[in-house]
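Computation of the quantities below employed the complete heavy-atom set of this structure, encompassing side-chain atoms and omitting hydrogens, waters and symmetry-equivalent molecules. To find a chain, count down the sequence lines: A is the first, B the second, and so on, and within it residues start at 1.
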Amino acid sequence: MLQVPFIRDNRDDIVKRLTIRNIDAAKMIDDVIVFDEQRRQLQTQLDNEKAEMNNLSKEIGNLYKSGEAQKANILKEKTTQLKDSIKDLELQLTNKADALNELLYKIPNVPNPIVPTGNTDDDNEEVFREGEIPVLFEGALPHWELAKKYDIIDFELGNKITGAGFPVYKGKGARLQRALIAYFLDKNTAAGYTEYQLPHLVNEASGFGTGQLPDKEGQMYHVTGDNLYLIPTAEVPGTNIFRNVLLNASDLPIGITGYTPCFRREAGSYGAHVRGLNRLHQFDKVEILRVEHPSKSYEALDTMVNHVKGIMRELNLPYRILRLCGGDLGFTSALTYDFELFSTAQDRWLEISSISNFETFQANRLKLRFKNSEGKNELAHTLNGSSLALPRVLAGILENCQTEKGIKIPEVLIPYTGFEYIN
RNA sequence: GGAGAAAUGGCAGAGUGGUCGAAUGCGGCAGUCUUGAAAACUGUUGAGGGUCACACCUCCGGGGGUUCGAAUCCCUCUUUCUCCGCCA
């Protein structure tokens, strides 16, 4: 969420930059400024009355001590009225603050000026492309057929055990998935990220901290018995490590990585384009996450993009990088690069990573700050990205690396799989 | 799951109704001394709101209550520790 002082000082610029997202935020922004003004007025009034109350209380105490109970009782009567007034003001203030916050929750992050305008993913800007798109032999199959042919992923079994979107990986399929997880984690830790194993369920406060709650409640699985949520991404437990944290400038930058399963209800998704591994309710993902000094966060974003590039290069898979347009940009992000893998047998691009700079948007909600060089507490910048999402990478390997002899495992993974072919 | 104890500043730890945003120790920072460092000594050292700056207000695990007044009393939730039960 945006900071109110920032809104107050940059009203026009914010409204203008939010048009990149195709939203006219003028009314909301102006309301924020007005509500904040009113909130502050109420606060001042309340503070004054409380100060008066404090003084009266002190006086009463002194009077009792010097044995002047009579006088004290007279003062006590005065406090009754003041008490009511304070109670009333407190209520008004809470209401105003709630209204202000509700507005703030609705305002998305201000896009970086280089974010292209646009509505849909057609308007995303391709900034990089690499890797050769293989020409497949006659009779090449999409991954869901390959999964059946080599008996490595069983979608039906998942249906039986749980339901649609919960595939069962078997044999070399399971091993390949484990190999990818280990490989990604090794790459990330080699690049300086500290490996974490994080909880797969989070409480309400954490869901709120990263912005899934209250708005996207329907997207998460909710364990009502204990009021916990299954994580939709490691971003949620990972970023909440830093909720209500005050760091030293020397602690920055912080980089962490973690593998977790991810659970998404994906309500309303259906059809051919969600077939096979393309969209699941449960999938595995390795995430990287950084906390940065504000002056270094865009440099860090580039570093993260280059890091994932390096992985794709090693895997030798064709991919492209998109700069997301305003309409496609996530609510909390200021700038996002998506990695898409070309899935030859499906003849389409599959999103496998999304790397974003949230600037202070998450940090403000999380209260993640550091002591800057002036000794003041300042909000840090947060960033995160997938490195990488497993199922679509798996789909890409199956489809792009299929040969008439079977699936040829990319070189870098062979030490992890212990086999060269799935056949 | 049952019984009991506890939660205070970066840490440790006092404080059971007013003068407590909170003793004291450690740590941090600044200074004196020193060629430099250590030691010693002196000072300083939480967060949020508000203000041009002060004033002022709020915060002693979270929420609610009693009272003129709450770190202190009551209710409730959460967490931690000890004992018992269960268990990978």
Chemist: Give none if B:G69 has no partner; otherwise give the nucleotide forming a Watson-Crick or G-U wobble pair with it, both distances under 3.5 Å.
Modeler: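 No nucleotide pairs with B:G69.
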Chemist: Send over the distance from A:Leu93 CG to B:G50 P, rounded to a whole Å.
Modeler: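 To the nearest whole Å, that distance equals 11 Å.
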Chemist: Could A:Lys172 and A:Phe419 be counted as a cation-pi pair, given that NZ or CZ must be under 6.0 Å from the ring centre and within 45° of the axis?
Modeler: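 Because its charged atom sits under 6.0 Å from the ring centre and within 45° of the axis, A:Lys172 does stack over A:Phe419.
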Chemist: Whom does B:A40 pair with, Watson-Crick or G-U wobble, provided both distances fall under 3.5 Å?
Modeler: B:U32
Chemist: Over how many whole Å does the gap from A:Asn377 atom CG to B:G10 atom P extend?
Modeler: 11 Å
Chemist: Run the ring-centre check on A:Tyr105 versus A:Phe208 and record whether the distance is less than 6.0 Å.
Modeler: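 Ring centres of A:Phe208 and A:Tyr105 closer than 6.0 Å.
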Chemist: With no hydrogens and no angle check, just 3.5 Å: does a side-chain donor-acceptor pair link A:Asn423 and A:Lys405?
Modeler: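 Result is no, nothing qualifies.
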Chemist: Mind checking if A:Lys371 touches a base, just sugar-phosphate, or nothing, with heavy atoms under 4.0 Å?
Modeler: sugar-phosphate
Chemist: For B:C57, take OP1 and OP2 only and decide whether either is under 4.0 Å from a side-chain N or O of A:Asn54.
Modeler: yes
Chemist: Choose from B:U51, B:A47, B:G69 the nucleotide whose nearest atom is closest to any side-chain atom of A:Met53.
Modeler: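 Of B:U51, B:A47, B:G69, B:G69 is nearest to the side chain of A:Met53.
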Chemist: Which one of A:Gln43, A:Gln92, A:Lys96 satisfies the side-chain hydrogen bond (donor to acceptor under 3.5 Å, both in side chains) criterion with A:Gln38?
Modeler: A:Lys96
Chemist: Taking the side chain of A:Lys83 as its heavy atoms from C-beta onward, which of B:A47, B:C68, B:G49 lies nearest to it?
Modeler: B:C68
Chemist: What does A:Ser57 touch in the nucleic acid at a heavy-atom separation under 4.0 angstrom: a base, only the sugar-phosphate, or nothing?
Modeler: base
Chemist: Of A:Asn62 and A:Lys87, whose nearest nucleotide on RNA chain B comes first from the 5' end?
Modeler: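 The 5'-side residue here is A:Asn62.
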Chemist: Please say which of A:Asn48, A:Thr94, A:Leu46 ends up in a side-chain contact (heavy atoms from CB on, under 4.5 Å) with A:Leu89.
Modeler: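 Option passing the side-chain contact (heavy atoms from CB on, under 4.5 Å) with A:Leu89: A:Leu46.
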Chemist: Indicate, with a heavy-atom threshold strictly under 4.0 Å, whether A:Lys50 touches base, sugar-phosphate, or nothing.
Modeler: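 A:Lys50: backbone/sugar contact only, no base atoms under 4.0 Å.
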Chemist: For B:C57 and A:Asn48 - does any side-chain N or O of the residue sit under 4.0 Å from the phosphate oxygens OP1/OP2?
Modeler: no
Chemist: Return the pairing partner of B:U82 with a 3.5 Å limit on both distances, Watson-Crick or G-U wobble; otherwise return none.
Modeler: B:A3
Chemist: Which of the following nucleotides, B:C68, B:A47, B:G49, is nearest to the side chain of A:Arg369?
Modeler: B:A47
Chemist: Give the nucleotide from the list B:A47, B:G50, B:C68 with an atom nearest to the side chain of A:Ile60.
Modeler: B:C68
Chemist: Under 4.0 Å from OP1 or OP2 of B:U51: is there any side-chain N or O of A:Arg40 that close?
Modeler: yes
Chemist: How would you label the contact of A:Lys65 with the nucleic acid (heavy atoms, under 4.0 Å): base, sugar-phosphate, or nothing?
Modeler: base
Chemist: For B:G21, which nucleotide in any strand shown is its Watson-Crick or wobble partner with both distances under 3.5 Å?
Modeler: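 B:G21 is unpaired by these criteria.
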